[in-house]
2 protein chains.
Amino acid sequence: MTEKFKQHLRNAGHKVTAPRLEVFCFFQKRDLTTVSALLSGCNRADRASIYRAIALFRKLGVIHDVVSGGKRMIELTDSFTNHHHHIYCLKCGKSEAVANRKLESDLDMILRKSGFRAVSHQIEIDAICPECQDE
Amino acid sequence: MTEKFKQHLRNAGHKVTAPRLEVFCFFQKRDLTTVSALLSGCNRADRASIYRAIALFRKLGVIHDVVSGGKRMIELTDSFTNHHHHIYCLKCGKSEAVANRKLESDLDMILRKSGFRAVSHQIEIDAICPECQDE
DNA sequence: ATGTATTTGCAAAAAAGTCGCAATTAGATT
DNA sequence: AATCTAATTGCGACTTTTTTGCAAATACAT
């Protein structure tokens, strides 16, 4: 996936640099992350370069923003990770990835009927996880 | 709905004040809004009070954040408006509310099976609207 | 009408994000 | 492999956004 990322950058006329790779790798290590986690987790890159990488990745469709557990989070887009959604436990705060074929096909059908041509979508669920229900 | 809001505040031990009402009314006038729109739209309240109202409303479940068209937006929760989702046109930038019974029941079913107890969810769709497809 | 804890507005501070620019570097060219 | 050049970096200064302390104001319970 890192190779694909490099190609993606180069195809768009951008260079593969150390700061960009460090930021991309950070995204790969987490499902959901935040700007401040990136800032403190990418130690070899300057603050400004991290912000610039985030903006570039967003523009190139490498990452996108979501809200999970009420907080703004960032993650890789479907092109650079497997398509999935998130379910957030309001008690323990853990986020879990959710992938469900039926839900996706229903969503597709509804969108087709709407007249809109769907490009992407995201579903965020707040819930109580099985473990936390037992208390 | 404003009465319900007032009760909600008082039940939680907070006072109904002019700044809070102004911010709440602003949310009622828009579907999706942003912090900066609130800051420039609520002229009778101080900047700090607007931030404090936003934080309080979030804590009390009056509003919640969503990402629409790649931007962080805020809106009233289901308790203070009709349950709906958003479809955002990537070309013209307009957001449209979406409410679909079948989608909701599918989602419920999937969640029941997952073992999680769902509390709330949100779906954000990026798409091209019918008008923009014609160009 | 009064008392009191909450909330406000203000101004100052902290945090988050942006920008200009000289030095560096990726990668195309020879 | 050495050279060239436009893109990118790191740095610091700057702007914007958000938070906070505090005296004055006010909602609302009594």
[X] [atom1] - [N] [atom2] separation (whole Å):
X        : N       : atom1 : atom2 : answer
Arg47(A) : dA16(C) : CZ    : P     : 10 Å
Ile74(A) : dG17(C) : CD1   : C1'   : 13 Å
Asp46(B) : dT17(D) : CG    : P     : 16 Å
Phe24(B) : dT7(C)  : CZ    : P     : 17 Å
Leu21(A) : dT9(D)  : CG    : C1'   : 14 Å
Leu9(A)  : dA7(D)  : CG    : P     : 15 Å
Lys6(A)  : dA26(C) : NZ    : C1'   : 12 Å
Arg44(A) : dC11(D) : CZ    : P     : 13 Å

More than 12 non-hydrogen atoms from neighbouring residues, nucleotides or ligands closer than 6.0 Å to NZ on Lys71(B), yes or no?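 Not more than 12 within 6.0 Å, no.
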Does atom NZ (Lys91(A)) have a neighbourhood of more than 12 heavy atoms from anything else shown, all under 6.0 Å?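 Yes, NZ of Lys91(A) has more than 12 neighbouring heavy atoms, counting only those of other groups under 6.0 Å.
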With distance as the sole test, does Glu124(B) use its side chain to make a donor-acceptor pair with the main-chain N or O of Val66(B) at under 3.5 Å?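 The answer is no, because no donor-acceptor pair under 3.5 Å joins these two groups.
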I'd like to know if Val16(A) and Ile50(A) are part of one continuous hydrophobic network [Ile/Leu/Val/Met/Phe/Trp/Tyr, side-chain heavy atoms within less than 4.5 Å].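 Yes: a chain of side-chain contacts under 4.5 Å links Ile50(A) to Val16(A).
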Where does the angle between the aromatic ring planes of Phe27(B) and Phe57(B) fall among parallel (under 30°), tilted (30 to 60°) and perpendicular (over 60°)?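 The arrangement is tilted - the two ring planes meet at 30° to 60°.
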Mapping Leu56(A) and Ala55(B) onto DNA chain D by nearest heavy atom, which one lands closer to the 5' end?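 The residue whose closest nucleotide sits nearer the 5' end is Leu56(A).
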Polar atoms only, N or O, under 3.5 Å: list the protein pairs with nucleotides 22-29 of chain D and their distances.
residue	atom	partner	partner atom	Å
dA27(D)	N3	Lys15(B)	NZ	2.9
dC28(D)	OP1	Arg10(B)	NH1	3.0
dC28(D)	OP1	Val16(B)	N	3.0
dC28(D)	OP2	Arg10(B)	NH1	3.1

Quick one: which of dT9(D), dA11(C), dT7(C) gets closest to the side chain of Arg20(B)?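 Nearest nucleotide to the side chain: dT7(C).
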Could you walk me through whether Glu104(B) and Arg101(B) pass the salt bridge (Lys or Arg N to Asp or Glu O under 4.0 Å) check? CA-CA 5 Å; Glu104(B) 298 300 332; Arg101(B) 219 165 267 291; over 6 Å; no
Ser40(A) side, atom OG; Phe26(A) side, atom CZ - distance, nearest 0.5 Å: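 The distance works out to 6.5 Å.
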Report yes if a side-chain nitrogen or oxygen of Tyr51(A) is closer than 4.0 Å to either non-bridging phosphate oxygen (OP1 or OP2) of dT18(C); otherwise report no.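 Checking Tyr51(A) against dT18(C): no side-chain N or O falls below 4.0 Å of OP1 or OP2.
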